[in-house]
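Beneath this line is the structure, given in structure tokens, with notes to follow.
Not measured: the values here are computed from a predicted model. We number each residue from 1, following the sequence as shown.
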Amino acid sequence: TTLIKSILGMVVPDSGFIMFNGKNIRHNDAYRNEIGYMPQIGRYPDNMTIGQLLSMMKDIRHSHTAQDEELIHAFDLPSMAAKRLRTLSGGTRQKLSASLAFLFCPSVLILDEPTAGLDPVASEILKDKIRREKENGKLILITSHILSELDDLITHVLYLQDGRLRYHNSWQQLKEETREARLSKAIARLMQPERT
């Protein structure tokens, strides 16, 4: 979460810097227009409805911006447009957050625990969308404690523990190093202390 907040400019790193398309993000917030962000827990104005929130976000980003409403329809959000945000279940809130992340066709997607709280059907809809966007060349950063959800979604593994980079390589390389086909087992093997 701290890494994500740093990328989004919500937290200033103690050291180092973050580059986006070859430019330091410090004192430059235009790069954020290229990022779709799905928070782990979406917090929205309680008295607004789903429809009002979607309209407001479109107005903020201007109507001439390309829009991808695939998830809005796949999750059947138009039928719930009049629901107040304070009344939404955790799963519906996740669906709304996912829809907003993809809405403006960003080149980079940052998804924080994207399947948490989703029912199996919604989870598969979202994972299919992630796969297609990955095939379209988008950079997708997914954080998750549920590693079994990621086996067929990822190409690279960046493992952080206590704010320190513990591992960074391709998923294929990690499989070869650990001789494990599942990410959760590979990470567990990687993190085991060396046996003498």
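Although no hydrogens or angles enter the test, the distance criterion places a donor-acceptor pair under 3.5 Å between the side chain of T49 and the main chain of Q52. In this structure, the side chain of Q67 does not engage the main chain of C105 through any donor-acceptor pair within 3.5 Å. Checked by atom type and distance alone, the side chain of W171 pairs as donor or acceptor with a backbone atom of D151 at under 3.5 Å.
I72 CD1 to M80 CE: the interatomic distance, rounded to the nearest 0.5 Å, is 11.0 Å. The structure places CG of L54 at 7.0 Å from OG of S99, a figure rounded to the nearest 0.5 Å. For the atom pair N169 CG and L158 CG, the distance stands at 11.0 Å (nearest 0.5 Å). A distance of 12.5 Å separates CG of L183 from CD1 of I146, quoted to the nearest 0.5 Å.
Within a 6.0 Å sphere centred on NZ of K134, other residues, nucleotides and ligands contribute more than 12 heavy atoms. Within a 6.0 Å radius of CZ in R26, other residues, nucleotides and ligands contribute 12 heavy atoms or fewer. Counting non-hydrogen atoms of neighbouring residues, nucleotides and ligands closer than 6.0 angstrom, the CG atom of N136 exceeds 12 such neighbours.
Between K127 and E124 there is a salt bridge, since a side-chain N of the basic residue sits under 4.0 Å from a carboxylate O of the acidic one. Between E69 and K58 there is a salt bridge, with a side-chain nitrogen of the basic residue lying less than 4.0 Å from a carboxylate oxygen of the acidic one. The existence of a salt bridge linking E135 and R131 is excluded, since no basic side-chain nitrogen approaches an acidic carboxylate oxygen closer than 4.0 Å. With respect to the salt-bridge test (charged N to carboxylate O, under 4.0 angstrom), the residues K95 and D119 qualify.
Nearest heavy atoms, P106 versus A101: CG-O, 3.5 Å. The two atoms that bring A98 and F75 nearest to each other are CB-CE1, 4.1 Å, heavy atoms only. The two atoms that bring I18 and I7 nearest to each other are CD1-N, 3.7 Å, heavy atoms only.
Residues forming a side-chain hydrogen bond (donor to acceptor under 3.5 Å, both in side chains) with Q172 (at least two apart in sequence, or on another chain): E176. A search for side-chain hydrogen bond (donor to acceptor under 3.5 Å, both in side chains) contacts involving Y159 returns nothing, not counting sequence neighbours.
Contact check for D128 versus E70: no side-chain heavy atoms found under the 4.5 Å cut-off. Put simply, the side chain of R86 does not reach to within 4.5 Å of the side chain of M48, judged on heavy atoms. Counting only heavy atoms from C-beta outward, the side chains of L109 and L139 never approach each other to under 4.5 Å.
Remark: of the listed residues K175, E180, Q173, Q173 is the sole one forming a side chain to side chain contact (heavy atoms under 4.5 Å, CB included) with E177.
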